[in-house]
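To start, the structure itself, in structure tokens.
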Number of protein chains: 2
Amino acid sequence: MKEKENSKDKLIKTASRLFQLQGYHATGLNQITKESGAPKGSLYYHFPDGKEQLAIESVHLTAQFVSEQIVEGLNKSSDPVKAIQYLIEGMAERFQKEGCKGGVPIASVALETALISGPLRDTCQSAYRSFQAQFTQKLVQSGFEENRAKELGVVINSMIEGAFLLSFTSGNCEPLLLVAKQIPVILD
Amino acid sequence: MKEKENSKDKLIKTASRLFQLQGYHATGLNQITKESGAPKGSLYYHFPDGKEQLAIESVHLTAQFVSEQIVEGLNKSSDPVKAIQYLIEGMAERFQKEGCKGGVPIASVALETALISGPLRDTCQSAYRSFQAQFTQKLVQSGFEENRAKELGVVINSMIEGAFLLSFTSGNCEPLLLVAKQIPVILD
DNA sequence: GTCTATACCACGATAGAC
DNA sequence: GTCTATCGTGGTATAGAC
């Protein structure tokens, strides 16, 4: 029994991919409707607030996808060092499979819209916060003191985001892998 | 004896600021010429290849500016840990003064153009490489083994870029400061 | 070196039929 | 829910006078 995909979901899914690949301003609504296969006239029916609303829901989808990767990676070991390494290596592997051309989740939209759209900026910010909360939670569960775990959550998140940016720009996963390699040093 | 600024330099300087603030696609040539105060007709005279060429030279200028900050910060101490901490704290302070709204150097242009312009992508990539080379050099001078110094250069660069992205998105310098705080742990 | 005018196109968004 | 047509704007880039 196959779950049928409705137009709204197809639009969000396609937009999510294109915003990540090309950024916010470079991705047009025409391209999104065309590639999604959704009826052209349906966009403003499902998203009355237009591009901004579509982008917000797309970032939500991307964030949810990344969160699942994080959960999955962190559950592979009870040792937080190994768990976080698994997670980053998994991300690097997935990125490698796309030829390091899959884009960086959320980052481009966050940078492009932080100054022009409050709601979109809030959406990106809360996505980042949920990522680091997952790291923090894992560390607390492993016995780290709470304040330190919070700080480390931010730092680990920074490292991963930065390494993604460098990997994408260089077309090479090395930065992600080197960051993974340093995790044992940071979680001393 | 005041150094007079020519039109070309004014255009590059303004473009450099706007690309960093708004990104590549959101910044129009009209806005650049208007805000630069340069003659409107002079753009395609100085930059025959149009927007792409202007962006390349703008990224060069931004990269040069950041490199100077790095050199200045690293020279404040012979101890690499303190030096890198000074550097990051200095960046955070400067960012704070702009209300954390100054944009992230290069990042948005890098993300937006990596897949659509080889030359621009190469320019961004070489900027990032020069940053990390400065970190590596400092570490080698301080007695770190060369391969390890190279790896750490990449990781430190990742941390800073990621922290910038998070600080800009959240409008708060905390990520940059927390990264600075972790430097002693990483350079064990 | 600089200016004006303009060609040409894509964008986001809306209106109104079905 | 979906379609088509269209509006207004702003984008990059070019041509040709000065």
Distance, rounded to the nearest Å, where [X] contributes [atom1] and [N] contributes [atom2]:
{"X": "A:Lys40", "N": "D:dT6", "atom1": "NZ", "atom2": "P", "answer": "15 Å"}
{"X": "A:Tyr45", "N": "C:dC18", "atom1": "OH", "atom2": "C1'", "answer": "15 Å"}
{"X": "B:Gln22", "N": "D:dG11", "atom1": "CD", "atom2": "C1'", "answer": "14 Å"}
{"X": "A:Lys10", "N": "D:dG1", "atom1": "NZ", "atom2": "P", "answer": "13 Å"}
{"X": "A:Phe47", "N": "D:dT2", "atom1": "CZ", "atom2": "P", "answer": "11 Å"}

| request: Say whether, by atom type as modelled, one donor and one acceptor occur between the side chain of B:Ser108 and the main chain of B:Gln20 under 3.5 angstrom. | output: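 Judged by distance alone, no pair lies under 3.5 Å.
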
| field | Side-chain (A:Glu112) to main-chain (A:His25) donor-acceptor, under 3.5 angstrom | value |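 The answer is yes, because a donor-acceptor pair under 3.5 Å joins these two groups.
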
Provide a list of protein-nucleic acid N or O atom pairs under 3.5 angstrom, restricted to nucleotides 12-15 of chain D.
residue	atom	partner	partner atom	Å
D:dT12	OP1	B:Lys51	NZ	2.9
D:dT12	OP2	B:Leu29	N	2.7
D:dA13	OP2	B:Tyr44	OH	2.6
D:dA13	OP2	B:Lys51	N	3.2
D:dA13	O5'	B:Tyr44	OH	3.2

| message | In the structure I gave you, are the side-chain heavy atoms of B:Met159 and B:Ile186 within less than 4.5 Å of one another anywhere? | response |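 Yes, close enough: below the 4.5 Å cut-off.
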
| OP1 or OP2 of D:dG1 less than 4.0 angstrom from a side-chain nitrogen or oxygen of A:Ser7, does that happen here? |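 No, because none of the side-chain N or O atoms of A:Ser7 sits under 4.0 Å from OP1 or OP2 of D:dG1.
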
| said: Counting only side-chain nitrogens and oxygens, does A:Ser42 get under 4.0 Å of the OP1 or OP2 atom of D:dC3? | reply: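 Negative; the distance criterion is not met.
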
| query | Within 45 degrees of the axis of the six-membered ring of B:Phe47 and under 6.0 Å from its centre: does B:Lys8 put its NZ or CZ there? | reply |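 Yes, a cation-pi geometry.
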
| Between B:Thr14 and B:Glu35, a side-chain donor and acceptor under 3.5 Å |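 Distance-only check fails for B:Thr14 and B:Glu35.
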
| field | Mutual orientation of the aromatic rings belonging to A:Tyr24 and A:Phe19 [parallel < 30°, tilted 30-60°, perpendicular > 60°] | value |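 Judged by the thresholds at 30° and 60°, the geometry between A:Tyr24 and A:Phe19 is parallel.
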
